[in-house]
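Some notes on the structure that comes next.
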Protein chains: 2
Amino acid sequence: MQICEHASLRARSPVWNADPVTTPPPGLRERKKQATRAALREAALRLAVERGPDGVRVEDIAEAAGVSPRTYNNYFASREQAIVSAVTADREARVAAAVAARPAGVRLADAVTDAVVEQYTGTGEHEHGALLLITTRSALREAFLDATADIEPPLTAVLAERLENAGESTARVLAASVAAAVRIALEGWLRPAGTAGALAGTGAGGLVVPSGSLPDRLRAALAPLAPAFDAVERREPVR
Amino acid sequence: MQICEHASLRARSPVWNADPVTTPPPGLRERKKQATRAALREAALRLAVERGPDGVRVEDIAEAAGVSPRTYNNYFASREQAIVSAVTADREARVAAAVAARPAGVRLADAVTDAVVEQYTGTGEHEHGALLLITTRSALREAFLDATADIEPPLTAVLAERLENAGESTARVLAASVAAAVRIALEGWLRPAGTAGALAGTGAGGLVVPSGSLPDRLRAALAPLAPAFDAVERREPVR
DNA sequence: GAGAAAACTTGCGTGCACGCAAAAGTCCTG
DNA sequence: CAGGACTTTTGCGTGCACGCAAGTTTTCTC
């Protein structure tokens with residue numbers, strides 16, 4: 001049974017629904033699935049905050065959520081993914097929604113950049129505390145960075161709709177490039193203080209202090225992609 | 001001890017050396033490391049071909065290479081990575097080398113595209129057989145696709161040198177976008193035959209037939225990025 | 001409303017994957 | 001050349017992560 005949104009399957013089974021208005025209300029089975037997923041995320045984050053990230057096992061999370069460890073792995077492929085999922089709270093899907101919400105006359109490159117900056121910096125102090133938690137462990141940091149790949153499927157859908165004649169492949173490459181740029185900006189922002197290379201590999205100890213302005217990093221990372229967006233938006237024959 | 005080139009560390013500790021001529025010859029320790037890595041790769045591929053990909057355990061590979069399973073995991077983070085590493089044979093680094101080898105007057109977007117197409121299609125029948133092996137198992141396919149991320153670090157170094165005033169971040173975003181585009185092209189090419197979505201998740205059974213022309217897919221995937229390369233090459237202020 | 005089909009949960013067994021620490025090997029310095 | 005420093009190998013223990021199959025729950029059809 002395939003519930004786990006494994007990274008390799010994300011592009012093929014997006015959780016984001018571009019047209020939720022016309023779908024029928026979910027049945028009991030679907031509601032129970034969502035409830036289980038939410039319970040697992042909440043338990044993962046709560047236990048990680050209470051006990052420290054190393055003090056939480058899959059068995060603990062599963063028990064707190066009222067399911068078996070096997071069921072946990074039906075929903076999340078690793079211990080870290082549940083914690084990160086609770087922290088990011090489907091932000092990746094919200095990036096696409098924010099792009100879709102921009103007026104059609106806005107330059108697409110600007111719309112994408114503004115949406116990313118808005119969603120990645122407009123966070124409450126709840127996430128700030130959780131982000132501190134994440135930065136203390138390399139496995140959590142990696143899972144947090146890996147989650148940027150989730151930007152691609154919903155953004156592909158939005159870009160495909162905005163760029164009618166460009167084709168699915170072009171939309172997908174642009175969306176994947178945005179995800180890559182966001183990851184690079186976050187990596188630079190979360191790089192461990194001091195001797196970065198030596199400490200980055202350690203599971204603990206290296207104190208990671210978010211450095212510099214995240215909006216500036218995000219804008220700088222996304223800027224090189226603007227000409228690609230402009231060309232497709234003008235419907236130039238690319239290449 | 002950090003020998004494993006884990007995906008998360010690749011960007012920070014590239015194996016590709018931009019200037020090998022001036023480095024001193026490696027010592028015994030370094031030569032033994034390279035020999036161990038080569039032995040593990042060779043053993044992994046040979047055993048996978050002989051017994052089928054499911055018939056090979058880490059313990060088997062380690063024994064065939066003359067090291068312990070713990071040492072195996074010092075070099076490779078998963079069973080699949082050794083097999084894929086043997087198949088791709090550092091192709092990702094060769095992409096960057098091929099770009100670097102292009103004359104300076106060649107349009108950079110063309111140089112990158114031609115280098116990618118050349119390295120991903122100019123393969124002997126040795127790899128063709130190994131590719132068939134990879135496509136029969138989803139875990140191997142995923143590891144094969146994940147390996148495209150290795151394009152980024154060496155290509156970043158080459159782009160940073162070619163685009164002197166663009167900065168490391170821009171080079172990195174462009175290189176990461178190329179890696180993303182290559183992955184998308186390969187995903188489309190290796191998508192399972194018939195009902196793709198239903199079978200893709202299965203570990204076995206789904207017969208994956210490389211479909212369509214890989215060069216065409218690669219060129220199509222890379223085309224949307226050309227304006228981004230052109231803008232940076234012309235040293236336009238991007239954004 | 002009952003039965004079949006589909007989906008989900010779960011126990012079990014197996015093979016990892018990794019941190020830790022001790023032992024061994026390599027390199028460097030005096 | 002010997003000893004210290006650094007790196008690598010390895011055993012051990014632990015916590016996963018997943019495939020398989022049986023049981024349970026939900027949905028659908030007649």
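Checking C/dT26, C/dT9, D/dT9 against the side-chain heavy atoms of B/Lys32 singles out C/dT26 as nearest. Residue A/Leu28 places its side chain closer to D/dT26 than to any other of C/dT9, D/dT26, C/dC16. For B/Arg57, counting side-chain heavy atoms from C-beta on, the closest listed nucleotide (C/dG15, D/dT10, D/dC16) is C/dG15. Set against C/dT9, D/dT8, C/dG15, the side chain of A/Asn74 has C/dT9 as its closest nucleotide.
The distance from atom CD of A/Glu59 to atom P of D/dT14 is 13 Å, rounded to the nearest whole Å. Atom C1' of nucleotide C/dC18 and atom OH of B/Tyr72 are separated by 14 Å, given to the nearest angstrom. For the pair B/Arg137 CZ and D/dC18 C1', the interatomic distance rounds to 15 Å; values are reported in whole Å. In this entry the distance linking CG of B/Asn73 with P of D/dG13 reads 18 Å, nearest Å. Spacing between atom CZ of A/Phe76 and atom C1' of D/dC16 amounts to 16 Å, rounded to whole angstrom units. Distance, B/Glu30 CD to D/dT9 C1': 16 Å, rounded to whole Å. Here D/dG15 presents its P atom at 15 Å from CG of A/Leu47, a figure rounded to the nearest Å. Distance, A/Ile61 CD1 to D/dG15 P: 13 Å, rounded to whole Å.
Taking a 6.0 Å sphere around CD of B/Glu63, one finds it holds 12 or fewer heavy atoms contributed by other residues, nucleotides or ligands.
Counting only distance, with no hydrogens or angles, the side chain of B/Ser78 and the backbone of B/Gln81 share a donor-acceptor pair below 3.5 Å.
For B/Asp60 and A/Thr71, each mapped to the nucleotide of DNA chain C holding its nearest heavy atom, the one lying further toward the 5' end belongs to A/Thr71.
Using a 4.0 Å cut-off, some side-chain N or O of A/Tyr75 falls inside it from OP1 or OP2 of C/dT9. OP1 or OP2 of D/dT9 has not a single side-chain nitrogen or oxygen of B/Ser68 nearer than 4.0 Å. In this structure, A/Lys33 reaches the C/dC8 phosphate: one of its side-chain N or O atoms is under 4.0 Å from OP1 or OP2.
B/Val178 pairs with exactly one of B/Val95, B/Val116, B/Thr156, B/Val99 by the side-chain contact (heavy atoms from CB on, under 4.5 Å) rule, that one being B/Val116.
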- Task: Determine, step by step, whether A/Glu142 and A/Arg183 satisfy the salt bridge (Lys or Arg N to Asp or Glu O under 4.0 Å) criterion, reporting the C-alpha distance in whole Å, the side-chain angles of both residues, the deciding distance to 0.1 Å, and the verdict.
- Result: CA-CA 10 Å; A/Glu142 284 317 310; A/Arg183 180 191 176 108; 3.4 Å; yes
- Just do the side-chain contact (heavy atoms from CB on, under 4.5 Å) check on B/Arg172 and B/Leu159 with the steps written out, would you? CA-CA 8 Å; B/Arg172 222 186 135 198; B/Leu159 294 183; over 6 Å; no
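Counting non-hydrogen atoms under 4.0 angstrom, A/Arg70 reaches a base of the nucleic acid. At a threshold of 4.0 angstrom between heavy atoms, the contacts of B/Arg29 include nucleobase atoms, whether or not backbone atoms are also involved.
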